[in-house]
Amino acid sequence: MQILTPQVFWAQRHGEIFLRVELSDASDVDISLQGHNTLQFRAQGHGAKGDNQYEFNLEFLEPVKPEIHQKLTQRQVDIKIRKRDERWWERLTLREKKPLFLAPDFDRWLDESDAEMELQAKARTRQTTLREKRGKNENHEREFTYISLKKGYLFMYNLVQFLGFSWIFVNMTVRLFILGQDSFYDTFHTTADMMYFCQMMAVLEVVNPLLGLVKTGFFPAMIQVAGRNVILFVIFGCLDEMQNKAVVFYVFYLWSSIEIFRYPFYMLACIGTDWKPLTWLRYSLWIPLYPLGVVAEAVAVIQSLPIFDETRLFSVPLPSALGHSLSFSYTLQLYLVVMFLGLFINFRHLYKQRQRRYRSRKRKVH
């Protein structure tokens, strides 16, 4: 019985052999490797002799790997075999005389120099890909390091502020229980140093939004920090007469009451933790306490006006035709207007924050 052979086209690369068997509508395809270098092919299909069974054997020049990759299409059978050693073969078969059914696949044909160039191009592509991956990994590592440092810095800042304001709050509370109203009049002398420290640290809350470390607004933070520092350093710090007044107690107590819940909330946010009772306190306590704090600050400013008029502290000298000097109390009266304008701006900002917070939480629940 005559053995029918299909037309086979071949091409090679340094590491691979490509075979294209001209057999349409192939079925019952059996491709196997005998030994290390002999390929056996058998299939039913439509070839040069019509619809018949076709087969062929190819003894390769050098050993190949046992894995055979095949792909059937309506017109042909594509076979890919990997060489055991990646190098260029001078011919495909062990015998120098080429089989009659075998021909070069000019669609894929490359000579050795072209294949070498293709190999180099692939190597360059791999190197480029590796460099890009390495660059991405380095960028990811740098980004991770930056985020870790940022979170660490913010956590430590909020921790220090929490400890500072907690010390003030506990100190004032204990003294209130022990001394009663008498503790009102020496609040400044017992807690001023810690309050100075906390308020100087609070300047970072204005710097952090500018550096992109936090998403909070710059102006609300600046209004609050600047307003408190005017009260602390100018009204209380510069006027000895104000340091023994009861209003100092109310201002410090209201400030610390807000902050002992605000800073722990930000600490937990740095480590991705949300404690619901603390979150509620953070977004609810300020509603009564913040306006009360501004009222207490306004009382302190009003009480300081006659003292500035009497002492002429920070007064601006004027020409003799206009008078001796312009009292700093006029600046503070203007500041009172700005203070309540700031109250409106900050209250609106905090209220929007509260709405966004609880709106997003409702969406997560649903």
Side-chain angles (χ1 to χ4, degrees), residues 1-140:
M1 181 177 178
Q2 183 183 7
I3 298 176
L4 302 178
T5 56
Q7 185 67 44
V8 180
F9 297 91
W10 77 281
Q12 69 168 318
R13 299 293 186 270
H14 282 82
E16 297 168 324
I17 299 167
F18 302 101
L19 300 176
R20 174 164 58 87
V21 184
E22 290 291 304
L23 199 62
S24 58
D25 298 323
S27 61
D28 300 328
V29 178
D30 181 18
I31 305 173
S32 61
L33 192 66
Q34 300 298 317
H36 297 295
N37 63 341
T38 302
L39 179 75
Q40 292 185 345
F41 175 91
R42 184 180 293 108
Q44 182 77 25
H46 190 84
K49 299 293 184 178
D51 193 2
N52 285 290
Q53 180 168 312
Y54 293 83
E55 59 184 79
F56 67 86
N57 293 337
L58 280 177
E59 188 176 6
F60 297 126
L61 180 64
E62 294 184 13
V64 295
K65 293 184 178 180
E67 299 86 6
I68 299 174
H69 302 277
Q70 65 182 48
K71 181 182 178 182
L72 302 180
T73 68
Q74 189 175 359
R75 296 178 54 189
Q76 63 198 33
V77 179
D78 292 320
I79 303 170
K80 183 172 74 171
I81 305 169
R82 294 192 63 82
K83 300 175 182 178
R84 179 173 293 179
D85 300 318
E86 293 191 8
R87 61 168 170 260
W88 194 258
W89 291 357
E90 60 181 14
R91 61 181 183 273
L92 180 65
T93 59
L94 184 62
R95 294 183 180 180
E96 292 187 12
K97 186 176 180 181
K98 178 176 66 67
L100 295 176
F101 62 85
L102 190 65
D105 186 352
F106 290 108
D107 290 338
R108 298 183 106 164
W109 189 264
L110 292 178
D111 58 28
E112 187 174 1
S113 60
D114 292 335
E116 185 68 32
M117 292 176 63
E118 183 185 72
L119 196 63
Q120 292 174 359
K122 286 182 177 179
R124 286 194 297 270
T125 302
R126 283 197 297 270
Q127 289 175 355
T128 303
T129 303
L130 287 173
R131 280 196 299 269
E132 290 176 352
K133 286 183 178 178
R134 195 157 46 239
K136 288 180 180 178
N137 290 336
E138 288 174 357
N139 289 336
H140 179 73

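Quick note: residue numbers are just sequence positions, from 1. FYI, side chains are in, hydrogens and waters are out, and symmetry mates aren't considered; it's all heavy atoms of this structure. Fair warning: this is a prediction, and the values are worked out from it, not measured in the lab.
With values rounded to the nearest 0.5 angstrom, Trp10 atom CH2 is found 7.5 Å from Leu102 atom CG. Atom OG of Ser27 is separated from atom NE2 of His46 by 13.0 Å, given to the nearest 0.5 angstrom. Expressed to the nearest 0.5 Å, how far CZ of Arg84 lies from CZ of Phe60 amounts to 13.0 Å. For the atom pair NE2 (His36) and OG1 (Thr38), the distance works out to 10.0 Å, reported to the nearest 0.5 Å. In this structure, CG in Asn37 is found 10.5 Å from CG in Leu39, a value given to the nearest 0.5 Å. One distance of note links CG of Asp30 with CD of Gln70; it measures 9.0 Å at 0.5 Å rounding.
What you find for Leu58 and Pro99 is that their closest heavy atoms are CD2-CG, 4.3 Å. When all heavy atoms of Gln44 and Asp51 are compared, the closest pair comes out as NE2-OD1, 3.6 Å. Looking at every heavy atom in both residues, Gln7 comes nearest to Ala103 through NE2-CB, 3.7 Å. Here the shortest heavy-atom pairing between Asp107 and Arg20 reads OD2-NH2, 4.3 Å. Taking both residues in full, the closest heavy atoms of Leu33 and Pro66 are given as CD2-CA, 3.8 Å, listed atom of the first, atom of the second, then distance. Closest non-hydrogen pair, Trp89 versus Pro63, comes out as CZ2-O, 4.1 Å.
Within a 6.0 Å sphere centred on CZ of Arg75, other residues, nucleotides and ligands contribute 12 heavy atoms or fewer. Heavy-atom neighbours of Leu130 CG from other residues, nucleotides or ligands within 6.0 Å: above the threshold of 12.
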Subject >> Candidate pair Lys80 and Glu16, rule side-chain contact (heavy atoms from CB on, under 4.5 Å), full reasoning >> reply: CA-CA 7 Å; Lys80 183 172 74 171; Glu16 297 168 324; 3.8 Å; yes
Subject >> Asp78 and Gln76: CA distance, side-chain angles, deciding distance, side chain to side chain donor-acceptor pair (under 3.5 Å) verdict >> reply: CA-CA 6 Å; Asp78 292 320; Gln76 63 198 33; 3.1 Å; yes
Original post:
Do Leu61 and Leu92 pass the side-chain contact (heavy atoms from CB on, under 4.5 Å) test, and can you show the C-alpha distance, the side-chain angles, and the key distance before you say yes or no?
Top reply: CA-CA 6 Å; Leu61 180 64; Leu92 180 65; over 6 Å; no
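Checked against Tyr54 for a side-chain contact (heavy atoms from CB on, under 4.5 Å), the options Val8, Val21, Leu23 give a single hit: Leu23.
Looking only at distances, a side-chain donor or acceptor of Arg91 sits under 3.5 Å from a matching main-chain atom of Thr93.
Glu132 has no carboxylate O lying under 4.0 Å from a charged side-chain N of Arg134, or vice versa, which leaves the two without a salt bridge. A salt bridge links Arg87 with Glu62; the closest basic N to acidic carboxylate O contact falls under 4.0 Å.
In this structure, Phe56 and Phe41 have parallel ring planes: the angle between them is below the 30° cut-off, well short of the 60° mark.
The side-chain tip of Lys83 points at the ring of Trp88 from less than 6.0 angstrom away and within 45° of straight on.
A 4.5 Å side-chain heavy-atom check between Ile31 and Gln40 finds every atom pair outside the cut-off.
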